[in-house]
There are 2 protein chains.
Amino acid sequence: MAQKIKLSTIADALGVSTATVSLALRDSPLVADATRDRIKEHARAIGYIYNRRAASLRTSRSGIVGVVVHDIMNPFFAEILRSIETELDRSRQTFLLSNHYDQLEKQRSFIDTLLQLGADGVIMSPAIGTPREDIQLMEDNGLPAVLVARSVEGAQVPVFRGDDSYGIGLATNHLISLGHRRIVMIGGTDQTSTGRHRYQGYVIAMQKAGLEVQPHWRIPGPRTKQAGFEVAGQFLALQDKPTAAVCWNDLVAIGLMNGIARAGLVPGTDISVTGYDDLEEAAIATPALTTVWNGQRDVGRRAARALLDRLNGIVVQPSQELIKPELHVRQSTGKPVERG
Amino acid sequence: MAQKIKLSTIADALGVSTATVSLALRDSPLVADATRDRIKEHARAIGYIYNRRAASLRTSRSGIVGVVVHDIMNPFFAEILRSIETELDRSRQTFLLSNHYDQLEKQRSFIDTLLQLGADGVIMSPAIGTPREDIQLMEDNGLPAVLVARSVEGAQVPVFRGDDSYGIGLATNHLISLGHRRIVMIGGTDQTSTGRHRYQGYVIAMQKAGLEVQPHWRIPGPRTKQAGFEVAGQFLALQDKPTAAVCWNDLVAIGLMNGIARAGLVPGTDISVTGYDDLEEAAIATPALTTVWNGQRDVGRRAARALLDRLNGIVVQPSQELIKPELHVRQSTGKPVERG
DNA sequence: CTGAAAGCGCTTACAG
DNA sequence: CTGAAAGCGCTTACAG
């Protein structure tokens, strides 16, 4: 890489100032058309590479937006990410992605990196236990934030998430209307707002139907296919032989169905199972999964737009935006079957 | 955010020079211990944020490593990414992730961004059709590259990938040894080196066993669960009723098994199916999937190390590093069963 | 419509 | 062990 090519290289070669080159490359109307064309053509010809660090140091805008989630490999976040990506691409923002794996330290170190790079904003699904001070720190340092999926008590920023209590209610009511009485909730944790909301939704639906809620009908924890699979034995061994399971998400539901099948029972027939999220995979599972569509695409799109608005100086009020979930009925639920 | 805090803010407050502050914050032995401690403590107390853009402009190292793959949501890449992440974290490099979805334009625009940000290096699984000039452009502009999963003809950079021809041979031979004669290969494309290598491996294994290879025994295309599911009908309708399918990857295999089950046949009994990659999911599929472990973790780890070596000035010879795959036999394969 | 000059916030020889 | 000064490559008033 012979000699580093910079604005002044072009300016010198064409006998103009760097100011003119800078303006020309950014299509400023201040530059005469002929001059602009000459400059752009020359820049292209010699392979000029714009130095964004220098520009960003000067303008204090970096064109970088950070996105932090629990785990990008989780298909639920994957769908949110895809719609965020689409939205940000449109505004030519580069997006910097990171997993925090629910470790506060990882999340903090990423936020630190964003601050150091002068990122323009951040979209995050906060790690379990994120204190509102961590959110405030970003805002105080000029890094506007928007939350998705989970909220942080007391944080003064917009939040976009599904209406979890309502959504799990849809699944629970569906099972109740099919005639199920002994319904277990599998997965999730009280440590997240989402976890608390979903469990509440289940409890409320059961109580409204006049059904008792047994403490041992909650198997907390599982959030992955693997975990759903592993918990099948424990579920099937419950004394009072529940006939249905409301699962934390589609991954847990699919894992559980695999575990049920492995135990010689037929999911959807012997045991009814519901998921949550309506991932692409839900429709092709065996049996096809009855689940709750969680509006991932909307969450991502609306969060990205809210952030872009903030970047463009539009004031976005801190608020909780609840996306309404929808029940999608498929073959994994049916009338209850009593097991010997 | 009152007044921007910078090195000189600290220098002024403590009556030292910015040079001393800069050195102290980076633990330079040139600074007296007492001075260093005083500076670091003050920096922490007033909430100083290091400006990496300024530093990077000066030093021309950014601490950023780009990672580009087809699709981060694909579990195959997910596992590679996780091991890259672990490796880079250790060297305190920030990693900038992007999907190219096999669109050359997306890939180019990301590479451009990396060049503009002054990234230190890049690890990529090149998009279909990537010309070697695109790789050369990065190298010429001081952005060292390392390839994973796919190679680019003629590119002078290190490549880490599985031995695809050998690996698919393991799966094919396994089916042949069970007694299968009519074996179909489903998925993949000749447009990628991986696709060509895997099909070759299948053909070679068939021929070595003295079996004829029928052109219609190849159903190219599918690479996702959804696509595997959809192609089941076409597969089951083949005139000569093949008894087994060698699939492009685990996703296709799992989708196909779901499709077979939906058609009323029992995968693993009526039809033998093999996958490729050995994703976590393979072990919990119903039936558990016989598949080829593709060394994702090794690929990621070794690629990251090679790049870090290059960043540290160690010369890494361009070479093709083939990771040896292993066959993992489970329940999705068995003796052939002739269908009416 | 174009140019000369200052400045973004660091780091790095160099001098003492 | 510490400081004064130059410079990384841009952009932005300002002047003409």
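Every value quoted in this text rests on a predicted model; they were computed, and no experiment measured them. Protein chains get the first letters and strands the later ones, always in sequence-line order, with residue 1 at the start of each.
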Give one of base, sugar-phosphate or nothing for [X], where a contact means two heavy atoms less than 4.0 Å apart.
X     : result
A:A19 : base
A:G15 : sugar-phosphate
B:T35 : sugar-phosphate
B:A32 : sugar-phosphate

What is the distance, rounded to the nearest whole Å, between atom [atom1] of [X] and atom [atom2] of [N]?
X      : N      : atom1 : atom2 : value
A:K6   : D:dC10 : NZ    : C1'   : 11 Å
B:L25  : C:dT12 : CG    : C1'   : 16 Å
B:Y50  : C:dC8  : OH    : P     : 18 Å
A:D37  : C:dC1  : CG    : C1'   : 15 Å
B:I5   : C:dG9  : CD1   : P     : 12 Å
B:L57  : C:dG7  : CG    : P     : 17 Å
A:R53  : D:dC8  : CZ    : P     : 13 Å
B:Q116 : D:dC8  : CD    : P     : 20 Å

Practice item. Look at the rings of B:H70 and B:F77 and say which category their plane angle falls in: under 30° parallel, 30 to 60° tilted, over 60° perpendicular. Key: parallel
Is any side-chain N or O of [X] closer than 4.0 Å to OP1 or OP2 of [N]?
X     : N      : value
A:R26 : D:dT11 : yes
A:S22 : D:dC10 : no
B:T20 : D:dG3  : yes
B:S17 : D:dG3  : yes
B:Y48 : C:dC10 : yes
B:R61 : C:dT12 : no

- prompt: Above 12 or not: heavy atoms from other molecules or residues under 6.0 Å from CZ of B:R297?
  reply: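 Incorrect, the count does not exceed 12.
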Discussion item. Please check if the number of heavy atoms outside A:R132 that lie under 6.0 Å from its CZ is greater than 12.
Written reply: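 Open.
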Partner of C:dA13 under the Watson-Crick or G-U wobble criteria, both distances under 3.5 Å, comes out as none
Across every strand shown, the nucleotide meeting Watson-Crick or G-U wobble geometry with D:dA4 (both distances under 3.5 Å) is none
Pairwise 5' ranking along DNA chain D for A:S8 and B:R36, keeping only the more 5' one =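 Its nucleotide being nearer the 5' end, the pick is B:R36.
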Measure from the side-chain heavy atoms of [X] and tell me the nearest of [options].
X     : options                : result
A:A54 : D:dC10, D:dT11, C:dT12 : D:dC10
A:L30 : C:dT2, D:dG3, C:dT11   : C:dT2
B:T18 : D:dA5, D:dC10, D:dT2   : D:dA5
A:N51 : D:dT2, C:dC10, D:dG9   : D:dG9
B:K4  : D:dT11, C:dG9, D:dG7   : C:dG9

Among B:Q107, B:R108, B:E153, B:H100, side chain to side chain donor-acceptor pair (under 3.5 Å) partner for B:T130
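Considering B:Q107, B:R108, B:E153, B:H100, a side chain to side chain donor-acceptor pair (under 3.5 Å) with B:T130 is found only for B:Q107.
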Between A:P158 and A:A145, the two heavy atoms sitting closest are CD-O, 3.7 Å
Inset, instruction - Identify whether the distance between the nearest side-chain nitrogen and carboxylate oxygen of A:D33 and A:R36 falls below 4.0 Å. - result: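 A:R36 and A:D33: salt-bridged.
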